[in-house]
*Asks:* 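Sharing a structure below in structure tokens format, with a few things to ask.
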Protein chains: 2
Amino acid sequence: MDIGQREDMLYLLKTFADEQRLKLLVLLNTKEYNVTEMAKALELSEPTISHHLTRMHAVGLLRLRMDGNQRFYSLNPDRLAVFKKYMAEIEVAPVQTPAKVSDNAWIEALPWSEEDKKVLRDYTFNGRIPNLPNKEKRFLVVLRWLATKFEPGVRYAEKQVNTILSAVNEDYALLRRSLVEYGFMRRERGGGDYWLVPEEETIPSGQ
Amino acid sequence: MDIGQREDMLYLLKTFADEQRLKLLVLLNTKEYNVTEMAKALELSEPTISHHLTRMHAVGLLRLRMDGNQRFYSLNPDRLAVFKKYMAEIEVAPVQTPAKVSDNAWIEALPWSEEDKKVLRDYTFNGRIPNLPNKEKRFLVVLRWLATKFEPGVRYAEKQVNTILSAVNEDYALLRRSLVEYGFMRRERGGGDYWLVPEEETIPSGQ
DNA sequence: CACCTAATTTGATAGTCATCAAATTAGATT
DNA sequence: AATCTAATTTGATGACTATCAAATTAGGTG
């Protein structure tokens, strides 16, 4: 991606990155509109709409048709196509990891079935789980693994739990809730500390 | 595109729409970096880089690997893929015209062959031609039609010509030049007014 | 010309955010 | 502990910009 292209893309991006302008794009996707109509549709003043339209027109995203007093704006599909091309060109190179085998060594060390370990291998990356599995069965594997990150007999404040969980996935709230729901952890009545449920009271590993 | 998706996309867009963050993306495309390295590369302070990284990490674009004191950030290709998918989904619908038949009535009124009229029907939209045809043959049809917008015997200043042509397509300069090149109009020697070439001296209509 | 309507421009205001210096946290080392 | 290094957090500042009211421009019509 050359420098001129990046500048063009940056300006296009900044134009797109506004809630009202996104709404205008969606509107204009179906047909052309004049300024008054758009102001009504978005519940904004005409000067504001005019401001946005001027900007979008300046980057070439819009076409303008004059009709008497009125100005009808419509999308410029060509320009949109250019933008989409830029976006598509952003490389999603399979990030060349330092990829030490040791990164996954901890999985092999777990006293689990091959099947469960495969789930972990599939979903972990540098010790994190960027995307949680949807299937309940695999999600349970993740939860069981998360449980190993807590010490038996120790009481954890909610904040501590959050910190530990967020190291694995951003949606730590979901994880915390799920750990309790599925019986891996318990919480003090009335909302206090959390603690690990002893292994023998837990759902057994899949086979 | 549902509402939640649009919010997600908006936040992603805002994250992308910053010069430094774009640079970071390009950097991280090849390999992981720690904060100090990135600060050096972009010639910004560490807090500033940290600020950008935090944001990018919050929307899930980055992975984080801790190594002693250092924090290595890398791209999250999955999340990038999601963003690209959003972008690709922006519709470039073939703008559905108000399509009153009356809009096209003027075409039927032309004393031309069906073939030529079909070209005009295909390319006009509310009296404009948003995308000029590439094929020379069709482009000539457009030029012949444009010629009808000028009065025989009248001398037009360049600005007048531009105004008339830009009502049809933004690239009025190309149109003006082409009208002269293909012999539909002439220009005063030394660069002055334009005028229409009498019909009988013009390239005849296709069949 | 006077008037009406559509739209833009101008000017002011408020909110967001990129940036950096200074202070703080946290891991590693001695 | 004391210290060193890497990074984040805090707080302040400046730049940008979305928004609207008021003024202005411009086409259309009586």
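Chain identifiers are assigned alphabetically (A, B, ...) following the order of the sequence lines, protein sequences preceding nucleic acid strands; residue numbering begins at 1 within each chain.
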*Asks:* Which whole-number value in Å describes the distance from A:Lys14 NZ to C:dA18 P?
*Replies:*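 In whole Å, C:dA18 P and A:Lys14 NZ are 9 Å from each other.
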*Asks:* Rounded to whole angstrom units, what separation is found between the NE2 atom of B:His51 and the P atom of C:dC20?
*Replies:*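 For the pair B:His51 NE2 and C:dC20 P, the rounded distance is 11 Å.
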*Asks:* Describe the nucleic acid contact of B:His52 in one word from base, sugar-phosphate, nothing, applying a heavy-atom distance below 4.0 Å.
*Replies:* sugar-phosphate
*Asks:* Students often get this wrong, so: under 4.0 angstrom with heavy atoms, is A:Thr48 touching a base, only sugar-phosphate, or nothing?
*Replies:*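 The answer is base, as A:Thr48 lies within the cut-off (heavy atoms under 4.0 Å) of a base atom.
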*Asks:* Kindly indicate whether the side chain of A:Met9, heavy atoms from C-beta on, has any atom under 4.5 Å from the side chain of B:Leu22.
*Replies:* yes
*Asks:* Quickly work out the A:Glu19 CD to D:dA18 P distance and round it to whole Å.
*Replies:* 12 Å
*Asks:* On DNA chain D, check which nucleotide each of A:Met66 and B:Thr36 is closest to and give me the residue with the more 5' one.
*Replies:* B:Thr36
*Asks:* So with a 6.0 Å cut-off around CD of B:Glu43, is the heavy-atom count from everything else above 12?
*Replies:* no
*Asks:* Rounding to an integer number of Å, can you tell me how far A:Tyr33 OH sits from C:dA7 P?
*Replies:* 14 Å
*Asks:* What nucleotide, of C:dA18, C:dA6, C:dT8, holds the atom closest to the side chain of B:Asp18?
*Replies:*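 Among the listed nucleotides, the one closest to the side chain of B:Asp18 is C:dA18.
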*Asks:* Looking only at atom types and distance, does a side-chain atom of B:Thr54 sit under 3.5 Å from a main-chain N or O of B:Ser50, one as donor and one as acceptor?
*Replies:* yes
*Asks:* Return the value, rounded to whole Å, for the distance between atom CD of A:Gln70 and atom C1' of C:dT5.
*Replies:*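 That distance rounds to 9 Å.
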*Asks:* Taking the ring centre of each residue, are B:Phe83 and B:Phe16 less than 6.0 Å apart?
*Replies:*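 Yes, they do, as the ring centres are separated by less than 6.0 Å.
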*Asks:* Please classify the nucleic acid contact of A:Phe72 as base, sugar-phosphate, or nothing, using heavy-atom distances under 4.0 Å.
*Replies:*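 No contact.
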*Asks:* Take atom CG of A:Leu64 and atom P of D:dA26, then tell me their distance rounded to the nearest Å.
*Replies:*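 In whole Å, D:dA26 P lies 15 Å from A:Leu64 CG.
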*Asks:* Is B:Thr48 reaching over with its side chain to a backbone N or O of B:Leu44, donor-acceptor style, under 3.5 angstrom?
*Replies:*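 Checking the backbone N and O of B:Leu44 against the side chain of B:Thr48, no donor-acceptor pair under 3.5 Å is found.
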*Asks:* Once you round it to whole Å, what is the distance between P of C:dT5 and CZ of A:Arg71?
*Replies:* 19 Å
*Asks:* Among the candidates C:dC20, D:dT17, D:dA21, find the nucleotide nearest to the side-chain atoms of B:Leu44.
*Replies:*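 Nearest to the side chain of B:Leu44 among the choices is C:dC20.
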*Asks:* Specify the residue among A:Ser45 and B:Ser50 whose closest nucleotide of DNA chain D lies further upstream toward the 5′ end.
*Replies:* B:Ser50
*Asks:* How close or far is atom P of C:dT8 from atom CG of A:Leu62, stated in whole angstroms?
*Replies:* 11 Å
*Asks:* Of the candidate nucleotides C:dA6, D:dA18, D:dA7, which contains the atom at the shortest distance from the side chain of A:Asn69?
*Replies:* C:dA6
*Asks:* For A:Glu46, which contact category applies under a 4.0 Å heavy-atom criterion: base, sugar-phosphate, or nothing?
*Replies:* base
*Asks:* Which nucleotide in the set D:dT19, C:dA7, D:dA7 lies at the smallest distance from any side-chain heavy atom of A:Gln20?
*Replies:* D:dT19
*Asks:* Picking from D:dT9, C:dT5, C:dT9, which would you name as closest to the side chain of B:Pro47?
*Replies:*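 It is D:dT9.
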